[in-house]
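See below for the structure under consideration.
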Amino acid sequence: MQEAKSADANVKVAKNGLLPDINFSASATYNGNAWMSDRDFSNGQSLPSPHFGNNFALEVRQIVYAGGALSHGIRGAELQADIANLNVADKRQNVRFLLTGYYLNLYKFRNLERVYNKNIERAKEVIKDMRAREEQGIVLSNDITRYEVLLQNLLYRRTELVSQIDVFNNQLTTTLDLPGDIQIMPDTTLLRLSMHEYSEDELRNIAYVNSPRLEIARTSIELGRNQEKIARSGLLPKISIIAGDHLNGPITVELPPINKNLNNWYFGVGLAYNIGNIYKSRRDITRSKLNTSASEAKYAEIQENLDLEIHQAYVNYQNAFELLRTQEKSLQLATENYAVTENRYNNDLVLLIDLLDAENIRLDAEVQYVNARINIIYNYYRLMYVTGTL
């Protein structure tokens with residue numbers, strides 16, 4: 001933001017060149033007596049002179065033609081301001097995407113916490129049921145111990161999740177300059193976010209219009225061409241309108257000096273041309289052309305990198321939906337498998353280890369399903385980020 005404000009101030013300074021220069025001076029002096037002699041310094045004599053002297057001068061100069069140097073200088077400052085503002089926009093996009101990552105990670109871990117809480121409650125119910133069956137002599141105590149180990153593992157993993165939630169919550173509050181004790185609760189409707197479907201060509205066209213990086217590169221090319229015009233203006237003369245008024249006293253061009261004020265004024269047109277620019281400006285023009293060519297090459301490089309980023313983001317976005325479908329099917333199968341295994345275990349048809357395996361498979365499927373849903377949203381916002389529309 002400070003860079004943008006400084007660039008805006010430079011524009012105002014550049015526009016000062018359109019204003020006239022007004023110079024005023026005033027002075028009061030003590031004048032000694034005049035002395036006059038022959039050319040060989042003989043026959044010297046002192047001539048009385050008025051001792052009080054005064055000078056008042058006012059001059060106004062307005063440039064009316066400078067070969068385009070003034071207008072192109074203002075345009076150059078405006079382009080610099082545009083680049084500064086675009087840099088702010090680019091940084092804003094980066095911060096938004098950073099916050100999006102923090103927010104989605106926080107959402108993911110809070111969802112995972114709910115998954116683990118649900119499984120912890122389910123494990124406690126299974127242990128409670130197994131204790132009842134132990135009293136009936138149906139279940140051995142070491143079977144209960146195995147499930148209690150599973151419960152302790154779930155409790156430890158939930159502790160890790162809580163720590164991660166605290167980390168991402170702190171990152172969000174710090175970046176947003178919020179009090180550290182605030183707990184951010186993600187919007188539970190986020191998974192129902194309506195996401196527009198784009199083709200890769202549509203995304204590329206959107207990026208060409210909105211990408212701050214690409215716009216900075218385009219503006220840099222325009223700035224380089226403007227610098228060429230400023231360099232060429234050095235080969236042209238500068239024309240200005242001048243006006244002035246001088247009031248001096250005493251009149252010392254007469255001997256003895258006359259103790260009176262003499263006022264004179266003038267108005268006219270001034271012409272200035274720096275002959276040295278004939279060879280100096282050509283080097284400036286060559287340098288400006290090379291800078292413009294470098295900016296054009298930089299633009300092509302940024303555009304190529306942007307195309308690659310869009311393609312990668314688009315492919316990842318499409319793959320995210322395929323991953324979700326796969327994880328959704330896996331969760332369905334894992335849930336059905338656990339239900340069948342639990343029923344068979346209750347009928348003493350499978351061992352406890354089979355029930356534990358089925359529980360672990362279902363838990364992993366639930367975790368991967370939640371991650372897949374969050375992954376779609378993340379890749380959607382990444383599309384918005386690379387196209388400059390986040």
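For the numbers below, each heavy atom of this structure counts, side chains included, while hydrogens, waters and symmetry mates do not.
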Write down the atom of [X], the atom of [Y], and the distance for their closest heavy-atom approach.
| X | Y | value |
| --- | --- | --- |
| I310 | R204 | CD1-CA, 3.8 Å |
| A243 | F267 | CB-CD1, 3.8 Å |
| E359 | Y338 | OE1-CE1, 3.0 Å |
| S49 | N33 | N-OD1, 3.1 Å |

Going by distance alone, is a donor N or O of one side chain under 3.5 Å from an acceptor N or O of the other, for [X] and [Y]?
| X | Y | result |
| --- | --- | --- |
| N375 | Y380 | no |
| N31 | T29 | yes |
| R114 | N111 | yes |

For the pair [X] (side chain) and [Y] (backbone), establish whether a donor and an acceptor sit closer than 3.5 Å, ignoring hydrogens and angles.
| X | Y | answer |
| --- | --- | --- |
| E202 | S199 | yes |
| D40 | S42 | yes |
| Q93 | L390 | yes |
| N205 | D201 | yes |
| T175 | L172 | no |
| T174 | Q171 | no |
| D364 | N360 | no |

Which residues pass the salt bridge (charged side-chain N to carboxylate O under 4.0 Å, His left out) test with [X], sequence neighbours left out?
| X | result |
| --- | --- |
| R325 | E322 |
| R213 | E309 |
| E336 | none |
| R225 | E296 |

> How would you list all residue pairs meeting salt bridge (Lys or Arg N to Asp or Glu O under 4.0 Å) that involve residues 158-170, not counting sequence neighbours?
Replying inline: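 Those involving residues 158-170 do not exist here.
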Partners passing side-chain contact (heavy atoms from CB on, under 4.5 Å) against [X] (at least two apart in sequence or in another chain):
| X | result |
| --- | --- |
| Q183 | R110, N169 |
| F56 | F24, A26, N54, L247 |
| N210 | I206, T389 |
| N259 | P50, P250 |

Any heavy-atom pair between the side chains of [Y] and [X] that's under 4.5 Å?
| X | Y | value |
| --- | --- | --- |
| L324 | R373 | yes |
| H246 | W265 | no |
| T173 | N170 | yes |
| I120 | L155 | yes |
| L106 | I184 | yes |
| N94 | R96 | no |
| L383 | N316 | no |
| E113 | V162 | yes |

Above 12 or not: heavy atoms from other molecules or residues under 6.0 Å from [atom1] of [X]?
| X | atom1 | result |
| --- | --- | --- |
| W35 | CH2 | yes |
| I275 | CD1 | no |
| Y266 | OH | yes |

> Hey, which of Y317, F97, Y378 is the one that makes ring pair (Phe, Tyr, Trp, His ring centres under 6.0 Å) with Y385?
Replying inline: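 That would be F97; it is the only one of Y317, F97, Y378 passing the ring pair (Phe, Tyr, Trp, His ring centres under 6.0 Å) with Y385.
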> Given D307 and Y208, is the side-chain hydrogen bond (donor to acceptor under 3.5 Å, both in side chains) satisfied, shown in steps?
Replying inline: CA-CA 10 Å; D307 287 342; Y208 289 169; 2.8 Å; yes
Contacts of type ring pair (Phe, Tyr, Trp, His ring centres under 6.0 Å), residue [X], not counting sequence neighbours:
| X | result |
| --- | --- |
| F109 | F168 |
| Y299 | none |
| Y30 | H51 |

>> Between the side chains of E228 and R232, is the shortest nitrogen-to-carboxylate-oxygen separation below 4.0 Å, so that they form an ion pair?
In response: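 A salt bridge is present here (some side-chain N lies under 4.0 Å from a carboxylate O).
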>> Under a 4.0 Å threshold between the charged nitrogen and the carboxylate oxygen, would E215 count as salt-bridged to R218?
In response: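 Salt bridge between R218 and E215, a charged N being under 4.0 Å from a carboxylate O: yes.
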